[in-house]
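Only heavy atoms go into these numbers, but all of them, side chains included; no hydrogens, no water, no symmetry mates. By convention in this document, chain letters (A, B, ...) are assigned in the order of the sequence lines, proteins followed by strands, and residues within each chain are numbered from 1. What you see is a predicted model, and the numbers here were worked out from it, not measured in a lab.
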Protein chains: 2
Amino acid sequence: MDVREEPAGLLQAPPDVNARNCPSRVILEHVTSRWGVLVLAALIDGTLRFSELRRTVGGVSEKMLAQTLQTLERDGFVHREAHPVIPPRVEYSLTPLGKEAADQVWALARWTEDRTGQVIAARRTYDEARA
Amino acid sequence: MDVREEPAGLLQAPPDVNARNCPSRVILEHVTSRWGVLVLAALIDGTLRFSELRRTVGGVSEKMLAQTLQTLERDGFVHREAHPVIPPRVEYSLTPLGKEAADQVWALARWTEDRTGQVIAARRTYDEARA
DNA sequence: CAGGATCCAGTACGATACTG
DNA sequence: CAGTATCGTACTGGATCCTG
């Protein structure tokens, strides 16, 4: 028996191929994806334009940024506002739902940073043990 | 100016290629990886054997489970205990560090499940808007 | 400026077969 | 049982070029 209330679908995957069609897993993968995490974190402070995001989230290509933003917008995490001016001006911000996700993801990111030293040390121990 | 204290390294990536060598990002990717999340969540309840994990985390292949466990063990999140008996018996559990990570990841997973309906609805709205 | 389209390399992943 | 080894594929993600 499981004391914890099972999410019924997240851990116990459907019988089909790769469980990719389990809705909650897919959403979780969007939120925890490589760039999804960083984009959400970057938008916590407020609205940012495409190029600002690109500078804030270092290392992201245009393609992946656009793709990540579309996914997050479609899932209802990010609000996109395009101003019909020339040159184009598009602003991205978090929806209330996105803010909730971003807060959690950001907490995890901060936690990870704080423990980086511990993890590095653990790795050295691990590596030395089998050298 | 940024009100929030910057993690200095997580968002602002190093100038080199793809920022993959930023230590905290790599760790974050391990923890938030597709199977990493689910393995951590599965171990919250306590110790599990390899085959038990394979059944608990539905859809994971032997290869990916072994690989994920090794990564998490090396990072110091998972403790591996091999009993020298025949047939082999290997038990996996969370370290204190891993428990902290698992709790956060699990909270995020639960949150995602709770909001799945909202996200599906957002997607419909989004899709209909451009149909 | 904000992105779409295209091409291509690397890798993540799964299926299968095999071992101590 | 608990993996490792090998293989083949599908997808990720970056570089580059192009457009309104």
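- Atom pair B:L65:CG and D:dT4:P shows a separation of 11 Å (rounding to whole Å applied).
- Cation-pi geometry between A:R54 and A:F50 is not met: the NZ or CZ atom fails to fall both under 6.0 Å from the ring centre and inside 45° of the normal.
- Side-chain N/O atoms of A:H79 and A:E81 include a donor and acceptor closer than 3.5 Å.
- The closest side-chain heavy-atom distance from B:L97 to A:V119 is below 4.5 Å.
- Judged by closest nucleotide on DNA chain C, A:F50 is the one of A:F50 and B:V60 placed further toward the 5' end.
- With DNA chain D read from its 5' end, the first of the two nearest nucleotides for A:P88 and A:R54 is the one closest to A:R54.
- OP1 and OP2 of D:dC1 both lie 4.0 Å or more from every side-chain N or O belonging to B:Y92.
- Distances shown here put a side-chain N or O of B:R34 below 4.0 Å from the OP1 or OP2 atom of C:dG14.
- With a 4.5 Å cut-off on side-chain heavy atoms, A:T32 and B:L108 count as touching.
- Nearest to the side-chain atoms of B:A66 among the listed nucleotides D:dA2, D:dT4, D:dG13 stands D:dT4.
- The closest side-chain heavy-atom distance from B:L94 to B:F77 is not below 4.5 Å.
- A single hydrophobic cluster is seen to contain both A:L38 and A:W106, as judged by linkage of ILVMFWY side chains at heavy-atom distances under 4.5 Å, directly or through other members.
- Going from atom CD of A:E91 over to atom P of C:dC1 covers 14 Å, rounded to whole Å.
- Atom CD in A:E29 sits about 12 Å away from atom C1' in C:dC13, given to the nearest Å.
- Listed candidates were D:dG13, C:dG3, D:dC1. Nearest to the side chain of A:V90 is C:dG3.
- Residue contacts for A:Q70: at a heavy-atom cut-off of 4.0 Å it reaches the sugar-phosphate backbone alone, with no base atom in range.
- Closest approach to the B:R49 side chain among D:dT4, D:dC1, C:dG4 is made by D:dC1 (side chain taken as heavy atoms from C-beta onward).
- A:M64 places its CE atom 14 Å from the C1' atom of C:dG3, with the value rounded to the nearest Å.
- What separates CD of B:E62 from P of D:dT4 is a distance of 10 Å, to the nearest Å.
- Legend: residues meeting side chain to side chain contact (heavy atoms under 4.5 Å, CB included) with B:E128, ordered by chain and number and at least two apart, are B:R124.
- Atom CD in B:E73 sits roughly 13 Å away from atom C1' in D:dG3 (whole-Å rounding).
- Checked by atom type, the side-chain pair B:E113/A:S24 shows a donor-acceptor distance below 3.5 Å.
- Following rounding to the nearest Å, A:L53 (CG) and C:dG3 (P) show an atom-to-atom distance of 10 Å.
- Rounding to whole angstrom units, CG of residue B:L48 and C1' of D:dC1 are separated by 15 Å.
- Comparing the axis of the opening five pairs of the helix from C:dC1-D:dG20 to C:dG20-D:dC1 with that of the closing five pairs yields an angle of 50°, rounded to 10°.
- Nucleic acid contact for B:R80: sugar-phosphate only, since backbone atoms but no base atoms lie under 4.0 Å from a heavy atom of the residue.
- The side chain of A:K63 lies closest to C:dT6 when the candidates are D:dC7, C:dT6, C:dC1.
- Under 4.0 angstrom from either OP1 or OP2 of C:dC13 there lies no side-chain N or O belonging to B:S61.
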